[in-house]
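The structure under discussion appears below in the form of structure tokens.
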2 protein chains.
Amino acid sequence: MITTVLDPAGARPMYLQLYRFIRSEIESGRLPSHEKLPSRRKLAAHLKVSLATVGTAYAQLAAEGYVRAEPKRGYYVQPFAAHAFAGGRPAPPAASRKRRDPSKRPEFDFQTNVVDTNLFPYAIWARLARKTLSEGGEELLNAADPQGDPALRGEIARYLHDFRGINAHPEQVVVGAGSEYLLGLLIQILGRRKIYAMEDPGYPKNRRIYMGNDAEIIPVPLDGQGLSDSELRKTEAEIVHITPSHQFPLGMVMPVSRRISLLQWAREREGRYVLEDDYDSEFRFVGRPIPALQGLDPEKVIYTNSFTRSLAPSLRISYLVLPASLLEIYREKYLFYSCPVPNFEQNTLFRFMSQGYFESHLNRMRNAYKERRDQLVAAVMNSRLGGSVDVIGSDAGLHLLFRVNNGMNEKQLVSSAGAAGVRVYGAGEFSAGRAVNCPESTVVIGYSGFPAQNIAPAVERLERAWTG
Amino acid sequence: MITTVLDPAGARPMYLQLYRFIRSEIESGRLPSHEKLPSRRKLAAHLKVSLATVGTAYAQLAAEGYVRAEPKRGYYVQPFAAHAFAGGRPAPPAASRKRRDPSKRPEFDFQTNVVDTNLFPYAIWARLARKTLSEGGEELLNAADPQGDPALRGEIARYLHDFRGINAHPEQVVVGAGSEYLLGLLIQILGRRKIYAMEDPGYPKNRRIYMGNDAEIIPVPLDGQGLSDSELRKTEAEIVHITPSHQFPLGMVMPVSRRISLLQWAREREGRYVLEDDYDSEFRFVGRPIPALQGLDPEKVIYTNSFTRSLAPSLRISYLVLPASLLEIYREKYLFYSCPVPNFEQNTLFRFMSQGYFESHLNRMRNAYKERRDQLVAAVMNSRLGGSVDVIGSDAGLHLLFRVNNGMNEKQLVSSAGAAGVRVYGAGEFSAGRAVNCPESTVVIGYSGFPAQNIAPAVERLERAWTG
């Protein structure tokens with residue numbers, strides 16, 4: 001059924017609002033070609049508008065060639081080329097046809113970049129957002145502080161202090177629209193001619209951002225503790241980008257001794273920094289929290305984290321904590337960049353944090369994800385796979401790895417699971433190509449966006465695929 | 001008075017919410033050192049909470065050194081260094097002390113980068129935002145289409161078609177968090193090794209973005225029609241970035257003949273493009289609208305515009321229209337970048353546009369700004385300055401220029417106005433240094449954020465400063 005918001009008090013007549021909505025649904029492909037529109041009577045009842053409103057909108061769409069009327073049967077969406085011509089609109093450029101076909105999605109997908117939005121406290125957030133709207137007014141409209149709302153930065157500094165052992169003044173916090181944006185900004189601050197070391201295997205998006213910014217990156221192999229400091233020392237790198245709380249993709253938590261070795265490396269020369277991507281630090285399921293590296297040496301560590309996984313991907317709020325030396329460069333040269341996060345989101349997030357909701361939300365998320373992890377691990381261990389699967393990297397974070405000892409290599413594991421309708425990801429897929437220490441026969445399993453009720457059937461499929 | 005939102009149903013007790021709020025006000029400097037806090041009784045009455053809630057919050061702040069209690073007088077904010085020490089929080093890094101001193105602001109400021117947020121239809125926007133909140137739910141949380149919400153892109157394409165004569169398919173539209181973000185993305189798509197030509201004088205922020213991205217820029221002088229095509233031909237530039245609807249800062253509207261010459265230049269070689277920054281096109285006060293260049297050659301023109309000036313600076317929504325060739329590169333290499341604009345804003349803006357409010361809002365804005373422009377010009381012409389000032393570039397856009405024929409040069413005009421409490425901007429300040437054709441004795445006057453009631457007193461000051 002077509003659902004939209006028609007506003008009787010709107011500046012345009014209702015039928016025109018409805019016409020424009022359906023037109024945009026057709027143009028965006030959300031109403032596919034040859035789809036039958038709901039009958040006028042049904043749609044009028046559904047939207048609580050008059051029959052004439054729907055009738056006029058449909059007639060207009062038919063006149064412009066967006067839909068065709070079939071006598072006694074109803075209205076059908078015209079294939080795009082046809083109505084593009086009729087309506088005088090250009091055809092979509094060739095490139096647009098390359099997008100992936102949604103019908104090819106696997107039945108079960110253990111992808112790593114999604115979260116369970118059902119866990120988001122929508123009612124509380126919406127209530128705070130309404131308060132922001134009714135109290136904000138003028139203040140929400142003017143350009144914000146380019147570094148981000150000072151009150152929000154204060155809350156972030158406090159959270160980092162209380163939960164991550166970080167001593168950051170709110171002045172050191174820079175708020176941005178997602179980690180990708182902030183990494184781009186950071187490359188400008190540090191300089192594109194610096195040499196950056198990355199974990200190999202590592203997070204492929206970051207590699208692409210460095211490449212998109214023409215910065216030189218050196219992939220550095222991991223050992224059992226994370227990025228190897230002795231391998232790092234063989235390179236000319238000046239900045240090392242790590243995910244110590246939960247390495248992506250191999251899932252290890254970097255021990256304190258290794259953290260100190262990397263700091264040591266950074267201290268040996270001016271201009272060297274550790275970029276601590278504290279991704280997944282909110283989700284530690286075992287033992288005591290390990291404080292961030294930043295707390296050990298605020299001058300040598302650039303800290304970054306985001307609310308993408310702890311709140312919701314669509315909020316697009318991340319932050320940097322800059323050492324004083326880099327803060328100075330940022331303030332001198334890059335303060336002209338406006339803060340890309342709308343005041344509205346910043347203000348609502350400030351309320352959410354300052355009223356204590358963020359902490360309780362994190363606790364709830366941690367418990368929920370731990371339960372899902374336990375279910376997944378139990379399902380595998382209680383299946384016929386139990387004897388041949390080692391679970392790796394499950395102490396923290398929202399993904400884990402299966403090392404499968406059934407004689408198959410990584411490629412065979414991925415393709416046989418895929419043939420059974422389950423998408424898993426080979427650890428080697430995340431390597432830049434030099435991953436000599438990448439574990440064999442190991443697949444990456446993201447479970448944060450995986451519905452609990454699908455765990456049993458998906459494991460059953462894997463069982464069939466991997467035990468033959 | 002201290003005003004915040006205390007939530008009796010919040011996860012933290014009320015006093016803690018109040019304590020944290022005041023602490024963050026102090027840390028961010030919004031409650032300055034030595035400021036007296038409101039009495040407990042007054043604040044309790046104002047916030048409608050118990051005396052004990054305020055008392056406990058104040059006591060906690062005093063215990064941590066954020067405020068000091070003076071017997072019989074009340075509570076005072078401690079200077080920062082003191083409470084930073086007492087509370088165990090780090091001192092702000094040295095760089096933070098460089099920020100500009102708000103007490104040095106001029107009384108009247110004709111700056112160009114602000115808009116009158118009083119004109120924003122806040123009630124309508126808030127109503128649509130509430131609907132987005134109550135209807136969106138799940139959909140607002142998941143990551144959006146990396147190019148931006150298809151429905152919003154459809155509305156943008158329609159607006160561009162109806163008002164700017166642009167034939168763009170919604171698939172060609174890329175939504176981003178402000179023009180700065182999108183220019184950074186575009187430099188990645190086009191390539192950092194390309195040579196970019198910019199108007200000189202021109203918009204200084206764009207110059208800094210190109211420089212921040214290590215792209216080579218060539219400043220090209222203007223003549224009376226805008227960027228000179230014959231000067232452009234003397235360079236090796238491959239992309240030319242122009243503001244044809246209202247050149248910044250010189251204010252001319254580029255005539256069609258010059259637009260065609262620039263297109264001709266682009267057509268002569270593969271890889272050449274015109275970047276049409278259609279800044280201020282919404283505000284044309286005289287004559288018929290001039291369609292965008294993009295409509296003349298969608299393959300050679302990259303079009304960009306934003307809602308910063310037409311709606312509000314804090315919304316951070318801008319867009320690109322990419323030619324098919326560049327769309328293909330974007331889709332192949334950069335689609336991994338998430339859309340940095342939250343779904344919430346995109347959805348609310350879609351409602352605002354599809355229900356016809358954007359059009360009526362633009363009409364209202366255009367009339368209001370035209371009226372303000374007329375007031376300003378009349379005030380100058382009716383003053384003693386009338387005989388010696390030429391008004392330039394006032395046919396469109398939200399700023400104009402005064403050429404002052406009183407024997408003073410640009411520097412003298414700016415400094416004498418400044419001494420009289422009025423900040424105006426020399427046209428030469430926007431030059432990259434080669435501006436041989438920059439008009440002499442000319443100042444830039446932004447009036448879009450200038451309150452109407454200040455026009456008369458500000459012009460009086462200018463009269464005194466410039467007629468001696």
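By convention in this document, chain letters (A, B, ...) are assigned in the order of the sequence lines, proteins followed by strands, and residues within each chain are numbered from 1.
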So, does S314(B) use its side chain to make a donor-acceptor pair with the main chain of N343(A) at under 3.5 Å? no

Below 4.5 Å, heavy-atom pairs only: which of G212(B), A312(B), G176(B), A123(B) has the largest tally toward chain A? G212(B)

Side chain, backbone, both or neither: which part of L16(A) has a heavy atom under 4.5 Å from chain B? neither

Atom group of S360(B) that falls short of 4.5 Å from chain A, counting heavy atoms: side chain

Which region of S134(A), side chain (C-beta onward) or backbone (N, CA, C, O), has a non-hydrogen atom less than 4.5 Å from a non-hydrogen atom of chain B, or is it both or neither? both

Show the numbers, then the answer: is there a side chain to side chain contact (heavy atoms under 4.5 Å, CB included) between R193(A) and D214(B)? CA-CA 10 Å; R193(A) 283 170 202 88; D214(B) 290 335; 3.6 Å; yes

Sorted by chain and number, sequence neighbours left out, ring-ring contact (aromatic ring centres under 6.0 Å, His included) with Y330(B) holds for none

Structural part of F21(B) lying under 4.5 Å from a heavy atom of chain A: side chain

Heavy-atom distance under 4.5 Å to chain B: side chain of F120(A), backbone, both or neither? side chain

Sort out for me which of R208(B), R130(B), E359(B) touches chain A most, counting heavy-atom pairs under 4.5 Å. R208(B)

R351(B) versus chain A, heavy atoms under 4.5 Å apart: side chain, backbone, both or neither? side chain

In residues 182-192 of chain A, which residues are in contact with chain B at a heavy-atom separation under 4.5 Å? Q188(A), R192(A)

Measuring heavy-atom distances to chain A, does I317(B) have an atom under 4.5 Å in its side chain, in its backbone, in both, or in neither? neither

Do the side-chain N and O atoms of S354(A) and Q17(B) include a donor-acceptor pair separated by under 3.5 angstrom? no

In terms of heavy-atom proximity below 4.5 Å to chain A, should E25(B) be classed as side chain, backbone, both, or neither? neither

For K131(A), is it the side chain, the backbone, both, or neither that has a heavy atom closer than 4.5 Å to a heavy atom of chain B? side chain

Less than 4.5 Å to any heavy atom of chain B: does that hold for the side chain of T132(A), its backbone, both, or neither? backbone

Between D116(A) and chain B, which part of the residue has a heavy atom less than 4.5 Å away: side chain, backbone, both or neither? neither

Check each atom of Y122(A) against the heavy atoms of chain B and say whether the ones under 4.5 Å are side chain, backbone, both or neither. side chain

Quick check on Q346(A) against chain B: is it the side chain, the backbone, both or neither that has a heavy atom closer than 4.5 Å? neither

Chain A contact via L315(B) - side chain, backbone, both or neither, heavy atoms under 4.5 Å: backbone

Quick one: what part of N213(B) sits under 4.5 Å from any heavy atom of chain A, side chain, backbone, both or neither? both

Apply side-chain hydrogen bond (donor to acceptor under 3.5 Å, both in side chains) to S338(B) and E180(A), showing your working. CA-CA 8 Å; S338(B) 311; E180(A) 304 160 12; 3.0 Å; yes

Looking at CZ of R316(A) and SG of C339(B), how far apart are the two atoms once the value is rounded to the nearest 0.5 Å? 8.0 Å

Just say parallel, tilted or perpendicular for the rings of F344(B) and F344(A), cut-offs at 30° and 60°. parallel

Given a strict heavy-atom distance threshold of 4.5 Å, which part of L141(A) is in contact with chain B: side chain, backbone, both, or neither? both

Would you call K333(B) and M211(A) a side-chain contact if the rule is heavy atoms closer than 4.5 Å? no

Return yes if some donor-acceptor pair links the side-chain N/O of K205(A) with the main-chain N/O of F336(B) below 3.5 Å, else return no. yes

